[in-house]
Amino acid sequence: MGSMPDDKKTLGQVLSTSSSPSSSSFNSNGTLGRVLTFEVPKGPMLRRKPGICSERYEREKAEFEKIPWYERMWIGTGRDARLEPTDALQSAKTFQRACEQMPDEIPKSALDDKLQQLNDHYSGKNPLPPEQSLELKRRTSFLQDVYTPGPRWENSTSGAESAWLSEQNLRFGNSLGIALLGPLFGAPGAATRVLGGSEQQVAAANQFGASAFDMATAHVGLGGGKRAPEPLPRPGESMRGAPLEPVSRTVEGKPRGPVQEPVPSKTSGAREGTVVTRRPMSPQERAQRLEELAKDPAQGGKATAKTRREAEVGLSMEEQGKLPGPITRDPTGASEFIDATGQKWDVKGWNSQYAPRGYNTPDAMALIQKEMGVGENVIVDTLKMSPQHIGELQTAVGNAGLNNRVIFH
């Protein structure tokens with residue numbers, strides 16, 4: 001029979017120490033072998049503080065509950081039901097679940113080894129590729145959050161790491177776009193990738209496929225395609241969309257004086273031979289337009305502080321000529337606005353005060369590219385963003401070749 005383990009031996013030692021075959025342990029199938037277990041770690045240990053796993057989620061939840069209830073009930077509309085209503089809460093919940101799976105204590109050397117690898121990387125002694133350095137930073141930061149929480153110094157993201165993240169975000173957005181466009185209209189992007197094209201070239205091919213999709217759906221009347229531009233007005237008619245103002249001009253060789261401004265409800269009755277142009281809105285008209293744009297179909301046609309801010313951003317972009325007007329609310333509620341060409345626009349904003357949870361460039365780019373994957377362009381509301389973060393996001397958008405689909409307010 002095989003030898004029995006000695007009570008005095010520690011966990012991790014070889015259960016049979018004799019070198020003679022007659023005294024060796026047997027495996028379950030009767031063959032000779034030795035049974036090994038893990039080695040008990042030695043040295044100082046780091047212990048997880050009680051309650052550390054749920055601390056972040058409870059803090060984020062308390063911040064969320066400070067939001068008025070009538071706004072909270074609409075936050076998260078359209079998100080997967082399995083996710084938390086905000087990105088900050090979801091990030092905290094993900095950390096909580098990962099933290100709870102960690103042991104109560106780990107050897108201090110496990111964290112020290114990772115810190116040493118980071119030091120060697122930053123000092124140039126043993127530099128790592130961007131994907132490895134980012135993964136090492138992520139794992140080290142997680143262990144510190146769990147076992148040694150508190151203020152600490154962290155290196156900023158290097159240029160190589162930022163470029164790699166932008167490339168990965170662009171690749172993710174391109175893959176999503178190819179999937180959403182389907183086998184026919186996603187074929188240009190898929191073929192470009194198979195043939196070894198860069199992700200920027202894949203994005204351009206996806207844009208071509210999306211344009212082809214828009215034209216096809218416009219012809220067959222499936223919706224989602226751009227509306228055809230309105231024809232120029234004939235004499236005696238005015239363009240749809242108010243307010244309009246007739247401009248005096250010579251008719252049949254005879255000078256004509258200024259024509260009295262028509263009542264908005266009777267704009268179609270402009271005199272023959274007049275040319276109509278858009279005039280600036282009065283404060284009352286602008287306030288009325290803002291209120292109409294603030295009514296969100298996704299919230300039952302209600303206007304909130306959030307939707308009023310969106311309306312101000314959208315109308316301001318129209319007034320600056322950055323959006324073809326007049327814009328309207330998306331009746332489906334899937335996006336914020338639809339411009340005069342039929343293009344859908346979403347308004348996105350971030351809060352630099354709570355960075356990196358409130359803002360970080362990789363997550364912002366991922367969200368922007370997600371919207372583009374479903375055919376929507378993006379207006380970035382920079383009201384609560386710092387100049388540094390605005391500049392970082394503008395650079396990332398430019399590097400991804402998305403300047404024609406992202407505008408900043």
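Heavy-atom minimum distance, A340 versus G325: CB-O, 3.3 Å. The minimum heavy-atom distance between N360 and P356, with the atom names listed, is ND2-O, 3.0 Å. Across all non-hydrogen atoms, the minimal contact from P297 to P331 is CB-O, 3.4 Å. Between V202 and G197, the shortest heavy-atom distance links the atoms CG2-O, 4.3 Å. The two atoms that bring A203 and L170 nearest to each other are CB-CD1, 4.2 Å, heavy atoms only. Nearest heavy-atom pair across A205 and T192 is CB-OG1, 3.5 Å.
If you take OG1 on T328 and CZ on F337, they are separated by 9.5 Å, rounding to the nearest 0.5 Å. The CZ atom of R97 lies 13.5 Å from the OG atom of S54; values are rounded to the nearest 0.5 Å. Here R405 contributes atom CZ and I407 contributes atom CD1; the two are 12.5 Å apart, rounded to the nearest 0.5 Å. The CZ atom of R289 lies 5.5 Å from the CG atom of L315; values are rounded to the nearest 0.5 Å. Note that CG of L393 and CE of M365 are 7.0 Å apart. Values are rounded to the nearest 0.5 Å. In this structure, CG on L180 lies 14.0 Å from CE on M372, to the nearest 0.5 angstrom.
Using a distance-only test at 3.5 Å, with no hydrogens or angles considered, a donor-acceptor pair links the side chain of T307 to the main chain of T304. Counting only distance, with no hydrogens or angles, the side chain of D381 and the backbone of G349 share no donor-acceptor pair below 3.5 Å. T140 places a side-chain N or O within donor-acceptor distance of the main-chain N or O of L136, the cut-off being under 3.5 Å. Although no hydrogens or angles enter the test, the distance criterion places no donor-acceptor pair under 3.5 Å between the side chain of D339 and the main chain of L323. With hydrogens and angles ignored, the 3.5 Å screen pairs a side-chain donor or acceptor of S198 with a backbone N or O of Q201. At distances below 3.5 Å, not a single donor-acceptor pair connects side-chain atoms of E376 with backbone N or O atoms of D346. Using a distance-only test at 3.5 Å, with no hydrogens or angles considered, no donor-acceptor pair links the side chain of T382 to the main chain of M385. Side chain of E318 to backbone of I327: a donor-acceptor contact under 3.5 angstrom is found. Side chain of Q343 to backbone of G375: a donor-acceptor contact under 3.5 angstrom is found. A distance-only check finds no donor-acceptor pair linking the side chain of R47 to the backbone of E105 [under 3.5 Å].
Note on E135 versus R138: salt bridge recorded, some NZ/NE/NH1/NH2 to OD/OE distance being below 4.0 Å. Taking a cutoff of 4.0 Å between a charged side-chain nitrogen and a carboxylate oxygen, E60 and R56 do not qualify as a salt bridge. A salt bridge does not link K61 with E58: none of the charged nitrogens is closer than 4.0 Å to a carboxylate oxygen. We find that E63 and R357 are not joined by a salt bridge, their nearest charged nitrogen and carboxylate oxygen being 4.0 Å or further apart. The pair K306-E310 meets the salt-bridge criterion, with a side-chain N (NZ, NE, NH1 or NH2) lying under 4.0 Å from an Asp/Glu carboxylate O.
For S175, the side chain to side chain donor-acceptor pair (under 3.5 Å) partners are R193, not counting sequence neighbours. With sequence neighbours excluded, the residues satisfying side chain to side chain donor-acceptor pair (under 3.5 Å) with E312 are R286. Considering only residues two or more places apart in sequence or on other chains, E291 meets the salt bridge (Lys or Arg N to Asp or Glu O under 4.0 Å) condition with R308. With sequence neighbours excluded, no residue satisfies salt bridge (Lys or Arg N to Asp or Glu O under 4.0 Å) with D113.
Contact of the M45 side chain with the P107 side chain is registered, since non-hydrogen atoms from C-beta on lie closer than 4.5 Å. By the 4.5 Å heavy-atom criterion applied to side chains, H409 and M317 are counted as neighbours. Looking at E336 and R329, their side chains come closer than 4.5 Å, going by heavy atoms from C-beta outward. For the pair M102 and F142, the minimum side-chain heavy-atom distance is below 4.5 Å.
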Candidate pair L89 and Y57, rule side chain to side chain contact (heavy atoms under 4.5 Å, CB included), full reasoning: CA-CA 6 Å; L89 278 170; Y57 181 77; 3.9 Å; yes
Test side chain to side chain contact (heavy atoms under 4.5 Å, CB included) applied to R48 and C99, step by step: CA-CA 9 Å; R48 184 176 60 188; C99 176; 4.0 Å; yes
Working for side chain to side chain contact (heavy atoms under 4.5 Å, CB included), residues I52 and Y147: CA-CA 9 Å; I52 190 64; Y147 297 103; over 6 Å; no
side-chain hydrogen bond (donor to acceptor under 3.5 Å, both in side chains) between S316 and Q320, worked out: CA-CA 6 Å; S316 176; Q320 295 176 39; 3.0 Å; yes
Intermediate values then yes/no, side chain to side chain contact (heavy atoms under 4.5 Å, CB included), L111 and T148: CA-CA 10 Å; L111 179 57; T148 60; 4.0 Å; yes
side-chain hydrogen bond (donor to acceptor under 3.5 Å, both in side chains) between E292 and Q288, intermediate numbers included: CA-CA 6 Å; E292 288 298 319; Q288 182 179 0; 5.5 Å; no
Worked verdict on T361 versus Y359 for side-chain hydrogen bond (donor to acceptor under 3.5 Å, both in side chains): CA-CA 7 Å; T361 303; Y359 171 83; 2.9 Å; yes
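Atom CZ of R139 is surrounded by 12 or fewer heavy atoms from other residues, nucleotides or ligands within 6.0 Å. The number of heavy-atom neighbours closer than 6.0 Å to CZ of F408, taken from other residues, nucleotides and ligands shown, is above 12. Counting heavy-atom neighbours within 6.0 Å of K93 NZ, excluding the residue itself, gives a total above 12.
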Give every donor-acceptor pair under 3.5 Å between a side-chain atom in residues 117-125 and any protein atom, sequence neighbours left out.
unit_1	atom_1	unit_2	atom_2	d
N119	ND2	L115	O	3.3
D120	OD1	Q116	NE2	3.0
H121	ND1	L128	N	2.9
Y122	OH	K137	NZ	3.4
S123	OG	N119	O	2.9
S123	OG	D120	O	3.2
S123	OG	K125	N	3.4

N/O donor-acceptor pairs under 3.5 Å from side chains in residues 394-404, not counting sequence neighbours:
unit_1	atom_1	unit_2	atom_2	d
T395	OG1	G391	O	2.9
N399	ND2	T395	O	3.3

